[in-house]
Structures are given as structure tokens and as C-alpha cells.
Engineer: 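What follows is a structure written as C-alpha cells; I'll ask about it next.
Computed from a predicted structure; not experimentally measured. First the proteins, then the strands, lettered A, B, ... as listed; each starts at 1.
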Amino acid sequence: MSPRHPTAHRDPIDPADIDMSAPLGARLTLPNPVLTASGCAGYGRELHRFTPLHELGALTTKTVMPYARSGRATPRMTETPSGMLNSIGLQGSGIDHLVTDELPWLAEHGARVLVSIAGERTEEFAETAARLAGQPGVVGIEANISCPNVADRGLVFACDPDASFAAVRAVKAAAGPDLPVYAKLTPDVTRITDIAAACTEAGADGLSMINTVLGMAIDTHTFRPSLAGVTGGLSGPAIRPVAVRCVYQVYAAMRSGTLRPVPLLGMGGIASARDALEFILAGASGIALGTALFRDPSLPLKVRDDLRETLARHAIRSLADAVGLAHHQPEDDSRLRRTPV
Amino acid sequence: MSPRHPTAHRDPIDPADIDMSAPLGARLTLPNPVLTASGCAGYGRELHRFTPLHELGALTTKTVMPYARSGRATPRMTETPSGMLNSIGLQGSGIDHLVTDELPWLAEHGARVLVSIAGERTEEFAETAARLAGQPGVVGIEANISCPNVADRGLVFACDPDASFAAVRAVKAAAGPDLPVYAKLTPDVTRITDIAAACTEAGADGLSMINTVLGMAIDTHTFRPSLAGVTGGLSGPAIRPVAVRCVYQVYAAMRSGTLRPVPLLGMGGIASARDALEFILAGASGIALGTALFRDPSLPLKVRDDLRETLARHAIRSLADAVGLAHHQPEDDSRLRRTPV
Amino acid sequence: METRHPPRTEYHHVPPTQTVAVIRRIEPVGAYHRLTLDAPAAATADVRPGHFGALAIGGPTSATLLRRAFSIHRADPTAGTVEFIFAEHGAGTRALARHHPGDTVDLIAPLGTPFPLDGGPQRAVLVGGGYGSAPMATLAEAILARGGQVAFVLGAATADRLFGVAEARALSPHVHVVTDDGSAGERGRVTGPLPAAMAAIDATDVHSCGPMPMLKAVTTLATAAGARSHTAVEEAMACGTGLCMSCVLPVTGPDGVTRFLRSCTSGPVFDGTTVRWDDTGTLPADLEGAAAMTPYAPKETDPA
Amino acid sequence: METRHPPRTEYHHVPPTQTVAVIRRIEPVGAYHRLTLDAPAAATADVRPGHFGALAIGGPTSATLLRRAFSIHRADPTAGTVEFIFAEHGAGTRALARHHPGDTVDLIAPLGTPFPLDGGPQRAVLVGGGYGSAPMATLAEAILARGGQVAFVLGAATADRLFGVAEARALSPHVHVVTDDGSAGERGRVTGPLPAAMAAIDATDVHSCGPMPMLKAVTTLATAAGARSHTAVEEAMACGTGLCMSCVLPVTGPDGVTRFLRSCTSGPVFDGTTVRWDDTGTLPADLEGAAAMTPYAPKETDPA
Ligand SMILES: Cc1cc2nc3c(=O)[nH]c(=O)nc-3n(C[C@H](O)[C@H](O)[C@H](O)COP(=O)(O)OP(=O)(O)OC[C@H]3O[C@@H](n4cnc5c(N)ncnc54)[C@H](O)[C@@H]3O)c2cc1C
Ligand SMILES: Cc1cc2nc3c(=O)[nH]c(=O)nc-3n(C[C@H](O)[C@H](O)[C@H](O)COP(=O)(O)OP(=O)(O)OC[C@H]3O[C@@H](n4cnc5c(N)ncnc54)[C@H](O)[C@@H]3O)c2cc1C
Ligand SMILES: Cc1cc2nc3c(=O)[nH]c(=O)nc-3n(C[C@H](O)[C@H](O)[C@H](O)COP(=O)(O)O)c2cc1C
Ligand SMILES: Cc1cc2nc3c(=O)[nH]c(=O)nc-3n(C[C@H](O)[C@H](O)[C@H](O)COP(=O)(O)O)c2cc1C
Ligand code: FES
Ligand code: FES
């Protein structure tokens, strides 16, 4: 342990004594901070063979729209250094299917479900959200506003503060008072705090960061783009520094009072408890695993348990106490001083 | 060779017959397309021990400002998956030193030099550029507009079309008619084509893409940001898909007529001739090696020679013919059909 | 086109296990590598021909994140081993080829929908292209064990890319070998000897594994001859476990509706007549949900 | 503070070579690993104590890109080998520790500015902390060969992190050993026995390699005693070859101006009295060019 370590003076505590619960706003506390990222665990059935869903903080569903969507032609995926590009194109069977066939199964298996929704128009967001109130197992909605807006000639909602505001407000109104709404942001913007501000002003209960980074690859044998969709979303450890920066910037803006404070869900390249802790220290109250599940579908419980061990080693009694610690100067770290050990 | 390969029907040609010259606008043709990226080979002396500078297409200098700059405190660097973060902070001895001590040495060693310049105000860009006209070995200027603009409360020039326009126009005016000016763009914007448009309208002779991606890392032992500068620039293969996408988007806009066509210099994670070809197919007329030099300072000649071999294998007689090929549909590929074999 | 044999429907899904497998042996076979893993948890009697395994290659400092899928050549519950035959193709398989006995890889197996063995004894032609022959020996054994009959058509570009010829000859008198360049067996494609092979055993079934154009051609011939055609497809996979949706292809369901189905869960073995071979790599307009893709013209900023 | 011995100025720069080196041996030494590379091109008579090598670890699928710097323990021109002593620290060194003889690493060596040997025979105390002792045996040999005298102070946290004690004893009767926990030698820091060691040989020079706080403390003691202090510093390096500017520390020049100098080219060995030890990791206001950092308050969007 380095001498600069903020908790170097404290004795480790028993992992069993760590409070791993993740407070995600007034209407939602999860038993642990480890979620799956949307689109990286389908509707849970396949992952359940490796990670019992009730052990997760929550399962975030593949983004669902009001109707079935075929998704894009193949190739839809290509590997890149420490990352991958995908252009799945939001393939899914639509909200009816989710409500009828998936949510009951998920509830039966004890999953807490964050339903990721999207639309091509603001109204489609609302239409989808309206179907979710009171559904079994559903603990919240993630509004995937990182998708193209037909009314804005295909510009991604989350690239524009006004479109973001409209979509989030519509979802809030449709979801009713009980379901917290998280807005999922794209990093592909000049100032992510502007979009975060639009979402929190529209009433978002929290923010998810980040969606994939726009990228592309070219097949140097065929001389054509590697993905049928030409561009795709970059994910995996390659983008982790970008994701940590986004979470840090938004949390910093909230700390400084320029943004209404709401809980953050951090994601982007998390592949270990160390990585998860990086997001928590940056300001995330919960974290989601995406691409890493493709390599290791058993990862969520490892991350959860290793995170608990790590907190114990650092004598941090509660996960919530670790949130945002990287923003504290060692000398002014009242939060650490306040934690009794 | 895949059946989809556009040149599958043609016989390979002798590598010695490949024209490797890189036309970079009306006033500049380099003998080969392999450059160094700014800040990744200093002013050339250290690299020269591994790669004779005259063998490079050109050396891009570390960004130089009108005055000496200490750069940031350490730690200035941290490794990330397939990448690194740096916050060197433009350390340098200033334009006088460059002109007096470095350029003569570079000219003596046969280097073609692209001088990267920056300023904290538009006038500082102009002031630096004005010193370069007629200097020995200087073949062009790269305006590193991916740096903070004091007049705009520290917002990066290249994040704002107006600031970009002003800086590039000032550099063009100061550089005089003989030195081509390349504007170096940051990918950290909502629409890179908007910035590209501002730069070309301001008279840029070419565009360099991309500078580093804003990121950060947190040391999970000390609970503090890994870099003294908190955030830093992400570089290396991790960002290659982002860089290829930027080059592709801007080239596509030029092809479609929405942007004035100028040559592009591609950079971001290039570590092999394969990677270099990816940028060329996306639309780059020249490519630069940055972070990869830290791993392998002998890389430039390998990339140049392997690229020549690759073109020969694909029966592409001239590097210039490969530029932008990923935009051509195999069936409508008049450029390939026009190339005699 | 007349179908004498109704489509088979029973598919055998078994729960996959994830294990850190130790490499027992890794050795060249022709242009390929034979990889034998110690993986008792995966090497169960539940493994059926057509099942595959997905390997994570490289440790925590590896830049290649995704899993690589390989047909299980043979799983031996007694020895606790699982064998694969793999070709060096890209970064991951090249790195795998440099592994040594004692090194570990993370294995998830068995995965996917294997070849169907139901519906009474089959008289089946097994068609393997290149490493696509890997699952064919155990498939033959299973068919023979159920009282059926088998013939083989094994093809490859060149002799060193042929796999399993000796094993096939030990299992059947009807073994046809073809190579593109004539360096072994007849010069030509598997479709050359296929009609004769089907005729020789009055085939009820044709099972094939190899490149997509081969699977399509085999299905056409088999179907024309009234045999069922089951094809093990190869689509680029990121996970192999059904999570990512990258491995889809257009498959027509019993309801007549075509959907993008995942080849790692609904496949890799599909009834060849249900696969819209000519539409792979495209977005057919009549696909379920295809209309939802078109309200806006595809934008370059269009994310996942 | 009185300096009896004027600062030394001769530094020995030799052109580095880059080679794909084959691992001849890799074996544990206490808590460390001894790595012996076949690298004839680097193992020349030009290698001096204090030179370092920079290793690229892992092949094309490695996610760890940057070079790792290690002091050259010994270069043997006859055998064509270069030896390093390394500790497992992060991802790269952990991966290196899993390498086997016959594996390759890309080596650039010799790099940096070595310990000065000029100015007539030295009476030198060599101070090594942990693996910082790696260059000390060859440094002693070189000083002895030039007619000088040596004493050693070797320290570490624990006994298994002490390196080179036997070699030191073979070279000098004056060898002091300390550990933080007393598990070997005296309990304490290298600064404990340093005055006695200096007195024993009436030291003209103190050469040290180890953690920064140690180098600072050694410089203070040596300087107070009128000896020259040369310190091999350890700053995080991305390239080791002078390209990246990540390895800087504030060093005051003969002109009295403090600048950020690269420890991979101007160092790793610096005259300890020129290093602004207390200002490492900060941006001293009087640094050349520091004023240019302040016109705008540092922004989070501030790039490289
Ligand atoms: C069900 C199934 C069974 C297979 N059986 C075998 C076998 O027995 N022997 C054999 O040699 N090969 C087999 N393959 C092909 C094998 O999976 C690919 O050759 C391999 O994944 C390529 O990895 P790479 O590291 O060489 O290439 P890369 O291009 O570096 O792979 C990058 C990513 O793309 C995926 N990918 C690329 N090409 C393919 C492909 N053709 N098929 C599937 N995924 C791909 C990889 O899984 C990885 O996620 C099979 C594929 C499938 C789908
Ligand atoms: C001149 C010099 C000589 C050295 N000699 C030795 C030696 O003889 N034996 C030994 O065990 N170690 C030595 N070190 C330290 C050694 O370089 C680091 O422990 C090693 O680079 C860490 O790599 P990693 O993969 O374990 O850590 P990571 O944290 O994964 O390294 C990431 C990056 O940071 C750099 N880095 C991280 N920590 C250090 C550090 N402490 N010093 C330099 N770079 C760092 C690495 O080079 C790499 O580029 C020396 C360092 C320097 C500068
Ligand atoms: C194959 C794939 C599909 C994805 N689908 C969705 C999706 O449907 N909705 C969504 O909001 N994000 C989707 N994402 C983005 C992830 O949820 C996550 O934000 C991103 O991948 C970064 O996390 P990671 O690096 O851990 O994967 C998808 C990512 C991948 C790799
Ligand atoms: C250590 C370091 C220093 C850099 N300094 C500069 C600089 O001074 N000016 C500049 O325009 N770009 C600078 N860059 C950015 C590179 O020129 C290049 O645009 C970027 O790193 C992407 O290329 P790469 O992935 O090949 O490194 C720097 C990059 C690194 C890694
Ligand atoms: S490979 Fe991921 S769903 Fe099939
Ligand atoms: S380590 Fe790159 S300049 Fe010193």
C-alpha cells in the first residue's frame, strides 16, 4: 500500500461486514452495484446459465422498442485492440414480446430488471415506457437516448441537449412516479456535461455512462468496411479511459453545483473489480459489465466478490462511501474521516 | 485472397515498381507516406538513432509555441489497455530554440519537417507560423488546434468551428504562400465534419486526424487520478477505430461534395502496415506513427516497406491510387478499373 | 423438388460449463492444429456431434478479448478431454497455435444445437469441407451406433487441408475425397461426388459442415434428391453463448416468417432448407422487423 | 555544506541497439527474477554501470504497449548476454515473469547516462535499495579496475528483497546490510550505516540507486560530508528512448535554471545536488516555462 493511500492508516475489516448495497436514488437501492450493460446479456436467459440473475445488482435488458426490429445485416462485429466494434442495430422483438414472454420469466428467476428502451421518435420512447409501469421485476427504466432521432434527420438524441431533454421528459411522464429513469449518454459529444444537464433538468433520476464510442474498421483484404453497417460502436477495455473521464466530469459538475446531483451508473470496458472500483472512485454508484461478458459470462459475481474484498482491504465499510473518492483531496477528505473504523 | 477482393483478378507486381510518393496538396509531395506524429518523436534527434530521418516521409515536430513551456507535473503518463494516457502539457523550448538549434540540425540530416505549432490565442498561432517561412527543411506547418483557447475560457480551439476557423486563417496568413498548412483535429466533438469544414473554409491545405481522445484513469491504490493533470489524451491502438472513423467521415463528406477536398493525414493507433493501409483506404494520403514509436522506434521503415509489399501484392501501382478505396463499391470502382496492370 | 423425409425437429440443448482448461497436447495435423484440452467438466456424455466450444485465448494482458468457436472434434468423458482441430486464421488462432502443453485456455462447452440424431436410423452422407470435417467422425459413430449407415464426402482446397480421411475410411466403405487442386483424391468440389454418395446408401440425410457456399450447394442437391439437409454454419461469433447477437443469419421459421437467428444458440446446425443462403450478409426486406430499420436512411452516426 | 569534490561532468552516451533477444535463462532470486537475454548486439564493451535496457513485452496481441526499463545488472560481451534483475510490479512485469527460456523480448540497450567514472580513482560508497542494487556490482568492478576503492550499503524492505550482498562481499570488506524489518542485517534504512561507510574509505563519491526518498536522503548525507552524490532515479517511462517526455523531473542546470529533464536521456544518473527532490511530482513556479502553464486555469478538457 502506497504511502499516498488515503486509508493507509486504517486496519482492514472483514469482507462479510461490508455493506455492498448500491443506493441509486430515492426509489431504488440494489443489493450490490454490479449490473449488466444493455445489449450484452440479451434478456437474461443465456447469462443465467453462468450467473444466476438474482445475484446481480440488476439485469439491464437489450434495448427494446415499440416494435420488432431486425437489426443490421452481418458482419455486425469485428474485434479491435482491446475492444470490439458492433453494429447489431438494436435487433429485438419489441415491447409486447418483452412484457409477455421475458419479464415474467425474469421475475420468476428473481431478477431485478432495468429495462432499456429506445425509440426513433420522442413519442416512441413514451409509448414503450408506458408499458412498463407495474410490470413484475422491473426496477427502473434506462432510456437509451444514444440512438438516432428520425425527427432530427437521424441525429442521435444524446448528441443534442434539446432532443435529450424531450426524450427523457417523455419517458418520465410515461413511466409514472414509481419507476426511476436513467438516461444513457453517448460519449460522442463535445461537452457531455451539457447533455447530462439536459437530462437531469428533464427529470432523469440518474445517468448511465457510457454507450459505445463511434468507430469503424476496414478489412484490408477486401478493402471494404469490416461492418455491413460501415460504422459501429466501440466497446471494451479500449474505451475505459473515455468512460471514466465522462463519469468523472459529470460527477465533478455535480459536486461543484453546476449540475443537479443524481446517481451515476458507470460502464465502458469494465473487466475486473479493479476496473469497477475505478468507476466508483470517479463517481459511479453502480457499474455495468458489457463486452467483458462475452469473454467471461461468469464475471459479475467475481467482480462483486472481489470488490467486496477490495473495500475490506481498504477498510471502507460501505460501497456507498467509496463513490466519488477520487475527487477528494487526501487532506480535505471529510468523507473518509467521517467513516468510523 | 477473398473472392470479394477488388483486385483479386490482377497479378501482383514488383514492389520496386510501386510509386510510394504521397501527394499532399499542390505544394507538397513526400517521397513516402510515413510520418511521425507530433509529440512522439521530439525534434528527431533521438529517433534518428533508430530511423534515419531522411527516410521518413516527414518528421512532425513536437508542438512548438512562441515561448518555452514547462509542461505538466508528473505523473504524465499511464498505460491503459492497448493504449496510453498522457498529459505532457506541450513541454517545449519555444520557437526560437526550434529555429536556432533544431531546424538546422534537421535540415543537415535531410529531414523533411512538418512543424507542429500551437498557441493559447489566435495571435500566438500566427506569431509562431510567421517564424517558419523560408526555414531550412520545413515542408509545412501543422496547426495543432486541439489545444485550449485562452480567449474562449480554455475551450479547445478544435472544439469550436469559429475558433478553428480563426486560428487556421491566422496561420495561413502568417505562413505565406509557400508553406502548406495542415489543421490537426480532435475527435472529441459531436460532428468532426463541422470542424473540418471550418478549417478548409479558412484555407487549410490539409487536415490531420486525430489528436488524442480525452480520457482519464484512477489509481485504485492511491484513490487519486493517475495523472497529475487529472485528464489526459488517450492514444495507441485502442483509439484506432475512432481515428479511422473520423478520416472516413471527413473523406466521405469531401467525396459527396459537402466539404472542399483537401488531403488528409491519418493517425491514431497505427502500429503496422496493415493499420496504415486501413487509414489510406479510409481516405488518408499520408499517415503518422505516434505511440507505436514508443514501443518500436524502428517501425517507420518497416511500415513503409511492408506497405509497399502489400500494394504490390494487391497490384496497386501507386500509393495514391489506394487512397479512399474503401469508399468505392466494388462494381463502381472506376479508379481501380482505370489503373493499368 | 420432393421431400421424402420430413424435417427433423428434436434439438439437444445441454447446459454448458465454463472451465480453465489445461492444454494436454497441441500438435500439427496437416495445415491444422489438433488441440487436446483437459476439461473433465465439459467432456461429458452430453456432448453431441455438432456441439462447439468457445475459447478465450490469452491472459489478462491479451488485446484479443473475444471468444473463438471451434467444433468439438471429440469429447472423451473417460479421459476428461475435449479435442479441437483448428486453422490459423487471425490474431487469436495464431496466438493459440503458439501455446504449449501446460498452458491454459478458458473453455465454454458444449455450446449450440448439434446435428439431429432422432427419427429412427439415418442413412446419412457426411460432407466436410476443410476443418468442417472435424465433427464428422463422431457424427458417423453416433449414427452407426443407432443402427444407421454413413457415407463421407470430404473436401478441401489442398491435401494438407483435408481432415479425417483415415478415420472416415475406418467407419465406412463410402468415402469420397476431393480437393480444389487435385493434390489428393479427385479434383473438384464436394458437390461432384455427393449424388453418387447419396445414391450409394439411399440417403435419408445429408449432414454438412464447411464454408457457406458449400452448405448451400449441398442443401440444394440433398433436397432435390429428397434427403434432409442439416448444415453447421460458420458465422463470426464474439461470445458463442447467445449474448451478443453478432452471429445471426436469416432463417425461415415454421410460420413462414424469416428472422435473424443466432447461429450460436439456434445453430450452428440448421435445417439447410430454412436458411436463406442467398440473403446472408444482407437485410432482406421481408425479414421480421426489417421495416423498422428503414424509417430513416442509415446514418453514419447510427450506433449499436 | 561544503563540497570537497567538484561536480563530475563527463557522461557516456553510446548508441543503443534494438534487438529481438531470446531469453536464455529466467530464474528467481529472492523476491525478484534474474533475466538473462541473448543479445550480442547490445552486450558490448560500451555498456557502463547505470545504463539501462528497455523491454517490449508480449507479441502482437499484447495489450501492454509500452517499454519497461530495467538497470543492466551485467552485460557480458563474450557470452553475448545482458542480465537484468526485476520485480513483479504491474501487468508487464507479471507477464514477463511468466516467460520461459526460448521466448523472445524486444530489447533496446544500452540506454541513458551511466554513473560517472571519470576524474581519477574514486573512493565510492555504493548504495542500493531493493533491486536498485542491480547495477552496483559492475559499478564496483569498474571503480576498482580504475584503481579506486568501494564500500557498499545495501538495503531493502525485507531479506528476500535484498540483492547482491554476496557479490558485494566478494568485492569489498565494507558491506553494510539493512532491512526495514530486520529480517537481514541491521534493522533500519541505508542512511543509518552510510556515514560510517563513507568514513571507512574517506569517500569521494556516493553512488545510489533506489527509491526517490532514499536518493534524496543519500544526497543530503553525502553532500554534507563533502562527497559527490550520483543518483540513478526511477521515473515512470513509456519509451525509455527520449521520445515521449513522460519521465521528466526538475533538475537545476549549471546556469541556475531549473528545467524538466528526461530521466531516460539526461538520466537516469543525475548529480543528486542538481535534482529538486522535494519538487518532483509538482510544477515549481520557477521552472523554465512554468509561467506559460498559467495564463488559463487548468481545464479538464486540456489535452496533451
Ligand atoms: C460453430 C463454429 C465452429 C467452428 N469450428 C471451427 C473448427 O473446428 N476449426 C477451425 O479452425 N475454425 C472453426 N471455426 C472458425 C473459427 O471460429 C474462426 O476461424 C476463429 O474464430 C477466428 O479467430 P481468429 O483469432 O483467427 O480471427 P480474428 O479475425 O482475429 O477473430 C476476431 C473475432 O471474430 C470472430 N471470427 C472471425 N472469423 C470467424 C469465423 N470464421 N467464424 C467464427 N468467428 C469468427 C472470432 O471468434 C473473434 O471473436 C468455427 C466457427 C464456428 C462459428
Ligand atoms: C532507469 C530505470 C531502471 C529500472 N531498473 C529496474 C530494475 O533493475 N529492476 C526492476 O524490477 N525495476 C526497475 N525499474 C522499474 C521498472 O521499470 C518498473 O517496475 C516497470 O516498468 C513496471 O512495469 P509493470 O508492467 O510492472 O507496471 P505497469 O504499471 O503496468 O507499467 C505501465 C507503464 O508504466 C511504466 N512504469 C510503471 N512503473 C514504473 C517505474 N517504477 N519505473 C519506470 N517505469 C514505470 C512502465 O514502463 C510502463 O510503461 C527501473 C526503472 C527505471 C526508470
Ligand atoms: C454487442 C453490443 C450490443 C449493445 N447493445 C446495446 C443496446 O441495445 N442498448 C444500449 O443502450 N447499449 C448497447 N450496447 C452498449 C453497452 O451497453 C455499453 O454501454 C457499452 O458497450 C460500453 O460498455 P462495455 O465496454 O463494458 O461493453 C451494446 C454493446 C455491445 C458490445
Ligand atoms: C506522449 C504524447 C505526446 C503528444 N504530443 C502532441 C503534441 O505535442 N502535439 C500534437 O499535435 N499531438 C500530440 N500528441 C498526439 C499525437 O500526435 C497523435 O495525434 C495521437 O497520439 C494519436 O496517434 P497515436 O495513437 O499513433 O499515438 C501526443 C501524443 C502522445 C502519446
Ligand atoms: S456469438 Fe454472441 S450471440 Fe452468437
Ligand atoms: S521515457 Fe519517453 S522520454 Fe523518457
Side-chain angles (χ1 to χ4, degrees), chain A residues 39-42 45-47 49-50 62 65 67-79 81-84 86-94 120 146-148 150 153-156 159 186 188 211-212 214 228-233 235-237 272 291-298, chain C residues 15-18 54 56-58 60-68 90-92 106 108 235-250 258-260 262-265 279-293 295-304:
Chain A
C40 300
R45 292 180 197 258
E46 295 81 10
L47 186 69
R49 301 175 297 172
F50 302 95
K62 172 99 193 134
M65 297 180 70
Y67 33 74
R69 240 176 98 99
S70 64
R72 293 254 178 69
T74 57
R76 291 176 163 192
M77 175 277 295
T78 189
E79 200 178 48
S82 296
M84 68 178 279
N86 88 80
S87 68
I88 307 299
L90 298 179
Q91 175 170 352
S93 301
E120 291 172 341
S146 316
C147 67
V150 172
R153 289 162 301 125
L155 182 73
V156 168
C159 284
T186 171
D188 294 322
N211 214 311
T212 54
L214 192 66
V230 182
T231 58
S235 64
S272 68
T291 304
L293 297 173
F294 304 159
R295 185 177 181 92
D296 185 359
S298 308
Chain C
T17 61
Q18 182 178 358
I57 300 164
T61 59
S62 172
T64 58
L65 300 175
L66 304 175
R67 289 204 174 243
R68 269 66 183 171
D106 191 294
I108 299 181
E235 269 290 348
M237 293 184 176
C239 71
T241 54
L243 301 174
C244 73
M245 309 293 289
S246 56
C247 62
V248 300
L249 72 181
T258 304
R259 298 176 181 84
F260 272 147
R262 286 166 293 180
S263 56
C264 69
T265 51
D279 293 327
T280 58
T282 73
L283 182 54
D286 64 336
L287 208 70
E288 181 179 275
M293 302 301 291
Y296 57 92
K299 297 289 175 307
E300 271 170 15
T301 45
D302 198 359

Engineer: Which one, A/A292, A/C40, A/G39, leads in non-hydrogen pairs under 4.5 Å with chain C?
Structural biologist: A/C40
Engineer: Show the nearest heavy-atom pair for residues A/A68 and C/A292, with the distance to one decimal.
Structural biologist: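 It is O-CB, 3.4 Å.
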Engineer: Taking all non-hydrogen atoms of both residues, which atom of C/A290 and which atom of A/S70 are closest, and how far apart?
Structural biologist: CA-OG, 3.4 Å
Engineer: Picking from A/A41, A/P81, A/S82, which has the most non-hydrogen pairs under 4.5 angstrom with chain C?
Structural biologist: A/S82
Engineer: Hey, can you pull the donor-acceptor pairs under 3.5 Å for the side chains in residues 235-250 of chain C, sequence neighbours left out?
Structural biologist:
unit_1: C/S246; atom_1: OG; unit_2: C/A238; atom_2: N; d: 3.4

Engineer: Between A/G71, A/G42, A/S235, A/P237, which has the largest tally of heavy atom pairs under 4.5 Å with chain C?
Structural biologist: A/G71
Engineer: Distance check, rounded to the nearest 0.5 Å: A/E79 atom CD versus C/L65 atom CG?
Structural biologist: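 Going from CD on A/E79 over to CG on C/L65, the span is 6.0 Å.
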Engineer: Donor-acceptor check, side chain of A/R295 to backbone of C/T64, threshold 3.5 angstrom: yes or no?
Structural biologist: yes
Engineer: Quick check on A/D188 against chain C: is it the side chain, the backbone, both or neither that has a heavy atom closer than 4.5 Å?
Structural biologist: neither
Engineer: Let me know if A/S272 has heavy atoms under 4.5 Å from chain C in its side chain, its backbone, both or neither.
Structural biologist: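 Interface part for A/S272: neither.
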Engineer: Looking at CZ of A/R72 and CZ of C/F260, how far apart are the two atoms once the value is rounded to the nearest 0.5 Å?
Structural biologist: 11.0 Å
Engineer: If we ignore hydrogens and angles and just use 3.5 Å, is the side chain of C/Q18 paired with the main-chain N or O of A/F50 as donor and acceptor?
Structural biologist: no
Engineer: If the condition is side chain to side chain donor-acceptor pair (under 3.5 Å), which residues does A/T78 pass it with, not counting sequence neighbours?
Structural biologist: none
Engineer: Rounded at 0.5 Å granularity, tell me how far CD1 in C/I108 sits from CZ in A/R49.
Structural biologist: 8.5 Å
Engineer: Is C/T282 in contact with chain A via its backbone, its side chain, both, or neither, using a 4.5 Å heavy-atom distance?
Structural biologist: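 Answer is backbone: N, CA, C or O of C/T282 sit under 4.5 Å from chain A.
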Engineer: Quick one: of A/R76, A/M65, A/R45, A/M84, who has the most non-hydrogen atom pairs under 4.5 Å with chain C?
Structural biologist: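 Heavy-atom pairs under 4.5 Å are most numerous for A/R76.
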